[in-house]
Amino acid sequence: MTSSFPGASGAITTQLGQQGLGQQPWWVEQWMELIHSYRFKKRLERAWTYAREGNVVSIRFEGRRVHARVQGTDPDPYKVKLWLDVLNDEDWGYVLEALSQKARWSAQLLAGIMPADIERAFAASGKRLFPFKLQEVRSECSCPDKANPCKHISAVYYLMGDRFSEDPFVLFQLRGRTRSQLLGDLAKRRREGVAAPLEHAPHPTHPAIVDPARWWRYDAPLDPDLVVITPAMEGESGLDGAGPLPLAEEPRFPEANRLFLERLKAHGTAMAQQAMVRAMATGNDTDA
């Protein structure tokens, strides 16, 4: 029969069923890839047998470490320790800030589902949630085997994977935040994010939004040392830049188009001169 012992995040199974781990969520498979990358396959086979036959007699959390007792060839069970490098408060601040920006992440975690892109939240701190390689999982065993992980440690790996399938927050706990701490901090940040806009007065509306004419007016005096206003040079008018205009022709009035363009240019020149005079007079008491 499968037995379990209480841990900081609930009971941890200490014996796999006959079906083994079976079909597991992606985060369990990613954890299992670490131990399956171990090159001593015979030792893994023995560890799998230990996990299936109940040789792991206890697993418990003490702080951020996992402590286990695994029955080997000696009468007394071997003592196993397993832990990950924890994130400090500053790192967790970056992670929580990133998590609070996406409601989907919070909803999935509350539902006991590890978001598939969770590492994006941890990337804000420059750290990872999942160990990248087996050597990043710290472990010790009191057995005489010098190899690490030994079969006793590896058996605990398998059972931790089984635990992750039930509660993905175990991995967060190994990184330094329990389920209650993580969800509490996340809820607090989301509340602060909602309340923050109410604590600050809205930005005042720019006058140009209310009066669009301000976009075309400059009321401050111009410094003659910084600004030089000159009329356009010949050939630089807007009409010259536009090129030939598609004006309709009337045979009865062959000069109409030429005269129209000449008057239009003259009007543009006059308006440009008036604009220059007004600009030069801006800030002065005299009118143009």
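In what follows, every heavy atom counts, from backbone to side chain, and hydrogens, waters and symmetry copies are set aside.
- With values rounded to the nearest 0.5 angstrom, E119 atom CD is found 6.5 Å from Q30 atom CD.
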Can R104 and D117 be said to form a side chain to side chain contact (heavy atoms under 4.5 Å, CB included), step by step? CA-CA 11 Å; R104 173 177 60 83; D117 53 351; 2.8 Å; yes
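- Taken from OG1 in T49 to CG in L44, the straight-line distance is 11.0 Å, to the nearest 0.5 Å.
- Annotation: F122 is in aromatic contact with W92 [ring centroid separation under 6.0 Å].
- Annotation for S142 and Y78: closest pair OG-CA, 3.4 Å, computed over non-hydrogen atoms.
- For W27 and F164, the gap between ring centers reaches or exceeds 6.0 Å.
- Between R120 and W105, some side-chain heavy-atom pair lies under the 4.5 Å cut-off.
- In this structure, the side chains of H36 and Y157 stay at 4.5 Å or more apart for every pair of heavy atoms.
- Taking the side chain as every heavy atom from C-beta outward, V70 and V57 never approach each other to under 4.5 Å.
- Contact detail for S100 and E97: the closest heavy-atom pair is OG-O, 2.8 Å.
- Within the 4.5 Å cutoff, no side-chain heavy atoms of Q108 are placed close to those of I118.
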Tell me, with the steps shown, if D91 and R177 meet salt bridge (Lys or Arg N to Asp or Glu O under 4.0 Å). CA-CA 11 Å; D91 292 334; R177 283 292 190 278; over 6 Å; no
Please report the C-alpha distance between K151 and W48 in whole Å, then the side-chain angles of each, then the deciding distance to 0.1 Å, and finally whether the side chain to side chain contact (heavy atoms under 4.5 Å, CB included) criterion is met. CA-CA 8 Å; K151 55 182 174 291; W48 179 250; over 6 Å; no
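- Two residues are said to be in side-chain contact when any heavy atoms from C-beta on lie closer than 4.5 Å; K79 and H67 fail this criterion.
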May I have the step-by-step check of side chain to side chain contact (heavy atoms under 4.5 Å, CB included) for V95 and L129, ending in yes or no? CA-CA 10 Å; V95 173; L129 174 61; over 6 Å; no
Taking it one step at a time, do R258 and E255 satisfy salt bridge (Lys or Arg N to Asp or Glu O under 4.0 Å)? CA-CA 5 Å; R258 180 181 62 81; E255 298 296 318; 2.6 Å; yes
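- Clustering ILVMFWY residues whenever any of their side-chain heavy atoms sit less than 4.5 angstrom apart, transitively, puts V28 in the very cluster that holds W26.
- Using the six-membered ring where Trp is involved, Y50 and H152 have ring planes that are tilted, between 30° and 60° apart.
- In this structure, K42 places its NZ atom where only 12 or fewer heavy-atom neighbours from other residues, nucleotides or ligands lie under 6.0 Å away.
- With hydrophobic clusters built from ILVMFWY side chains whose heavy atoms lie under 4.5 angstrom apart, V86 does not share a cluster with L186.
- Two residues are said to be in side-chain contact when any heavy atoms from C-beta on lie closer than 4.5 Å; R175 and K127 fail this criterion.
- Under the 3.5 Å distance criterion, the side-chain polar atoms of D74 are left unmatched by any main-chain donor or acceptor of D76.
- Scanning both residues, E136 and P131, for their nearest heavy atoms gives OE1-CA, 3.4 Å.
- Relative to the ring axis of W83, R138 does not place its NZ or CZ within 45° and under 6.0 Å from the centre.
- Within the 4.5 Å cutoff, the side chain of S180 has no heavy atoms near those of the F169 side chain.
- The line from CE of M114 to CG of D167 is 9.0 Å long, rounded to the nearest 0.5 Å.
- Here Q101 contributes atom CD and R189 contributes atom CZ; the two are 9.5 Å apart, rounded to the nearest 0.5 Å.
- A distance of 6.0 Å separates CH2 of W31 from CE of M160, quoted to the nearest 0.5 Å.
- Put simply, CD on E140 and SG on C150 are 11.0 Å apart, with the number rounded to the nearest 0.5 Å.
- The two residues M32 and G161 have their closest heavy-atom pair at SD-CA, 4.1 Å.
- Between V137 and I35, the closest side-chain pair of non-hydrogen atoms is not below 4.5 Å.
- Shown here for A51 and A155, the closest heavy-atom pair between the two residues is CB-O, 4.0 Å.
- The cluster map of Ile, Leu, Val, Met, Phe, Trp and Tyr, joined by side-chain heavy atoms under 4.5 Å apart, puts Y94 and L182 in different clusters.
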Give the C-alpha distance, both sets of side-chain angles, the deciding distance and a yes or no for side chain to side chain contact (heavy atoms under 4.5 Å, CB included) between F172 and T178. CA-CA 6 Å; F172 289 94; T178 65; over 6 Å; no
